[in-house]
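Nothing here was measured: the structure is a model prediction, and the numbers come from that model. All values below come from the heavy atoms of this structure, side chains included, with hydrogens, waters and symmetry mates left out. Proteins get letters first, then strands, A, B, ... in listed order; numbering begins at 1 in each.
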Amino acid sequence: MVQILRDISLFLQMKGENPFRSRAYDIAADRISGLSEDLGTLLREDRLKELPGIGQAISDKVAELMSTGRLSAYETLRAELPAGVLELVRVPELGPKKAVLLARELGVDSVDALEKACREGRVRHVAGFGEKSEANLLAGIELYRRSTTPRRLLGDVMPVAERLLTSVKNTPGVVRASVGGSLRRRAETVGDVDLIASAAEPGAVFDAFCRAPEVAHVIGRGESKCSVRLHDKDLQVDLRVLPDEDFATALHHFTGSRAHHLRLRGLAQDRGLKISEWGVHRADGTKLPVPDEAALYRLLDMQYIPPELREDTGEIEAALAGKLPEDLVAWEDIQGAVHAHSTWSDGRNSLEEMARAAQALGLKFLTVTEHSEAAIYAGGLKEDDLRRQWDEIDRVNDTVKGLRLLKGIEVDILESGALDYSDSVLEQLEVVIGSIHVRHGMDEDQMTRRLLQAFDNPHLHILGHPTGRLIQSRDPYPLRMEAVLDKAAERGVVVEVNGKPERLDLKTEHVRMATQRGVKLVVSCDAHRASDLENLAFAVATARRGWARRSDVLNTLPAERFISALREQRAG
DNA sequence: GCCGTTTTCGGCCCGACTGTTTTCAGTCG
């Protein structure tokens, strides 16, 4: 659905149609991809066109596509344009206009054909192209071929970005510096890294940046911007350097999201203001001081919106009305980490090592949740093993002061929906996470029933990684999420926001669906080694992106109250 | 295509960079 709308936008650009018309389809695609409500429900109740940016025409098209599986307007456009252009525009450097031109002039209908045309020197004879653009296209094609997964996991990019940021901050002359872009918004995947810095002399900062050992080559460099590609996975990094008085507006501009920023510019325009990375100006050209991002939002008479929420999924309306939650869960609120494995099952570090690492992060407790017996591949524990482990947990708790290991389990939810341990064992545990690890192939009805059945076991506290997805490598198993969350709310089952970078499960939209229903959450690290404890930060970010407040997240409570809250949830 | 408490028509966000240009179009973010 979303892809069809984006393709229509491209087709309209290719035809040279009104750019605002094309943009309308992109805006609608953004809107639909960020929905935290079921699209079918919205259509049935005829509420889709009430969303900002979606009107009658696009609503009708979405309805046609949903009911018939086809869209005549899309097919008409597609037929008017040369074959293969949708593949061509995926090549960096090649946009809709040039793609159509090359397709028409040279008859290229694929990236392979385009490469051949470049190598034969035919592209340089097309009006508007030259030898340089031919060489750039070849480089773009190479990049297109190499990048099987064009976006990278948040957790993979963050360490690289923070290293680069530190060296930029340490460059003489730099006043302030920050990451921007989807990385700062903590999106689950990021396409490139944006760094924004302020300094009086950009040139010197760019010189140092381009010499960094991570940099493979410099893509481009101007007065205020420099782009490089890293050795590491072809990652592109853009560095902007501006005067410090423009830092806040530049940071805001390059943090995005584009949709969020676009709406803000519109709001500014209504107030006779013009926002750009170079500051906020009145119509008469006078420049208003914007020392930080909070000041920018104040100028627009709205609450400050944290980066994680800037997706234009309702945060702007809420901030204008003063209804944006002020108590979003934050790293500082977290008392303990949930979901950790040790050498007892498939983890790499001992219980004591895990405990000391958690303590070093400033945490007060850590729930030890090994795999259960059915997870043979992961060294799942038999019930007897579990009792021996409790002895060691007691010893570590005596040794490591200031941090408490909680006795827990990540028990398999079996195919029938039963849990993999007897009730007599489960009732002795402080924290019971139930997860699905095998038999992902069940259909939507079966899988939904399996989970609902598991919720009937009163000893289950937390549903672990609810959809089983692995970002970019395994689809979520089919599930009626509304039904699962409805019953979780009804029965007091807490739901995990798993912070492992390839999981982030629940994902943002589902977090929002959960909190809207009053379902309580835990943020977890799913740690299999000591360094994985830092995954907790990605879980917190995902929860924030889903608008979760401190009170929605149970591991903001101290250990004793956390344990009792899990029980009270199930009892209540 | 969307939108509207000045508008149902006429606006719609803004700028950097590149390469091809003799003044600007395309791409990107």
*Asks:* So, taking the atom named CG in Leu164(A) and the one named CG in Asp232(A), what distance separates them when rounded to the nearest 0.5 Å?
*Replies:* 9.5 Å
*Asks:* Closest-nucleotide mapping onto DNA chain B: is Val91(A) or Leu12(A) further toward the 5' terminus? I mean the 5' end.
*Replies:* Leu12(A)
*Asks:* Could you tell me how far apart Asp194(A) (CG) and dC17(B) (P) are, to the nearest whole angstrom?
*Replies:* 14 Å
*Asks:* From the list dC17(B), dG29(B), dA16(B), which nucleotide is the closest neighbour of the side chain of Asp192(A)?
*Replies:* dG29(B)
*Asks:* Cut-off 3.5 Å, side chains only: do Asp526(A) and Ser524(A) have a donor facing an acceptor?
*Replies:* no
*Asks:* Just checking, any donor-acceptor pair under 3.5 angstrom between side chains of Tyr144(A) and Glu87(A)?
*Replies:* yes
*Asks:* Under 30°, 30 to 60°, or over 60°: which ring-plane class applies to Tyr74(A) and Phe11(A), parallel, tilted or perpendicular?
*Replies:* tilted
*Asks:* Measuring only the P atom in each nucleotide, how far is dT20(B) from dG15(B)? A whole number of Å is fine.
*Replies:* 26 Å
*Asks:* Using the P atom as the reference point in each nucleotide, state the distance between dT21(B) and dA16(B) in Å, no decimals.
*Replies:* 24 Å
*Asks:* Testing the 3.5 Å rule here: is there a donor-acceptor pair between the side chains of Thr542(A) and Thr508(A)?
*Replies:* no
*Asks:* Distance-only, no hydrogens or angles: does the Asp312(A) side chain make a donor-acceptor pair with backbone N or O of His260(A) under 3.5 Å?
*Replies:* no
*Asks:* Using only side-chain N and O atoms of Lys98(A), determine if any of them is under 4.0 Å from OP1 or OP2 of dA25(B).
*Replies:* no
*Asks:* Which base sits across from dG10(B) as a Watson-Crick or G-U pair, both distances under 3.5 Å?
*Replies:* dC3(B)
*Asks:* Calculate the interatomic distance between Leu101(A) atom CG and dA25(B) atom P; express it in whole Å.
*Replies:* 14 Å
*Asks:* Rounded to whole Å, please give me the gap between CZ in Arg90(A) and P in dC28(B).
*Replies:* 13 Å
*Asks:* Between dT18(B) and dC13(B), how far apart are the two P atoms, rounded to whole Å?
*Replies:* 26 Å
*Asks:* Protein within reach of the bases, or only the backbone? For nucleotides 2-14 of chain B, mark each nucleotide 5' to 3' as B, S or -, using heavy atoms under 4.0 Å.
*Replies:* SS--------BBB
*Asks:* In whole angstroms, how far is the C1' atom of dG29(B) from the CZ atom of Arg240(A)?
*Replies:* 6 Å
*Asks:* Could you give the NZ-to-P distance, from Lys97(A) to dT20(B), as a whole number of Å?
*Replies:* 19 Å
*Asks:* What distance, rounded to whole Å, do you find between the two P atoms, one in dC17(B) and one in dC12(B)?
*Replies:* 25 Å
*Asks:* Tell me, please, whether Phe206(A) has Arg221(A) positioned over its six-membered ring: NZ or CZ under 6.0 Å from the ring centre and within 45 degrees of its axis?
*Replies:* no
*Asks:* Is there any protein nitrogen or oxygen under 3.5 Å from a nitrogen or oxygen in nucleotides 21-24 of chain B, and what are the pairs?
*Replies:*
none

*Asks:* Pick base, sugar-phosphate or nothing for Ser227(A), based on heavy-atom distances below 4.0 Å to the nucleic acid.
*Replies:* nothing
*Asks:* Figure out the CG/P separation between Asp246(A) and dG15(B), and round it to whole Å.
*Replies:* 12 Å
*Asks:* Can you tell me, in whole Å, how much space there is between the P of dC14(B) and that of dC9(B)?
*Replies:* 25 Å
*Asks:* Return the value, rounded to whole Å, for the distance between atom CG of Asn136(A) and atom C1' of dG19(B).
*Replies:* 8 Å
*Asks:* Between Arg258(A) and Asp30(A), does any NZ, NE, NH1 or NH2 come within less than 4.0 Å of an OD or OE carboxylate oxygen?
*Replies:* no
*Asks:* Considering every strand and a 4.0 Å limit on heavy-atom distances, what is the contact class for Gln13(A): base, sugar-phosphate, or nothing?
*Replies:* nothing
*Asks:* Measuring only the P atom in each nucleotide, how far is dG1(B) from dT5(B)? A whole number of Å is fine.
*Replies:* 23 Å
*Asks:* Please classify the nucleic acid contact of Pro96(A) as base, sugar-phosphate, or nothing, using heavy-atom distances under 4.0 Å.
*Replies:* sugar-phosphate
*Asks:* Taking atom C1' in both dT6(B) and dG11(B), what distance in whole Å separates the two?
*Replies:* 14 Å
*Asks:* Within 45 degrees of the ring normal and closer than 6.0 Å to the centroid, is that where the cationic atom of Lys98(A) sits relative to Phe129(A)?
*Replies:* yes
*Asks:* Could you check whether any side-chain N or O of Thr515(A) sits under 3.5 Å from a backbone N or O of Arg512(A), counting only pairs where one atom can act as donor and the other as acceptor?
*Replies:* yes
*Asks:* On DNA chain B, does the nearest nucleotide to Glu223(A) precede the nearest nucleotide to Phe254(A) from the 5' side, or the other way round? Give the residue.
*Replies:* Glu223(A)
*Asks:* Between dA16(B) atom P and Ile196(A) atom CD1, what is the distance in whole Å?
*Replies:* 15 Å
*Asks:* Where the side chain of Ser133(A) is defined as all heavy atoms beyond and including C-beta, which of dG19(B), dT27(B), dG1(B) is the nearest nucleotide?
*Replies:* dG19(B)
*Asks:* Which residue in the set Glu315(A), Glu311(A), Glu509(A) passes salt bridge (charged side-chain N to carboxylate O under 4.0 Å, His left out) when paired with Arg545(A)?
*Replies:* Glu311(A)
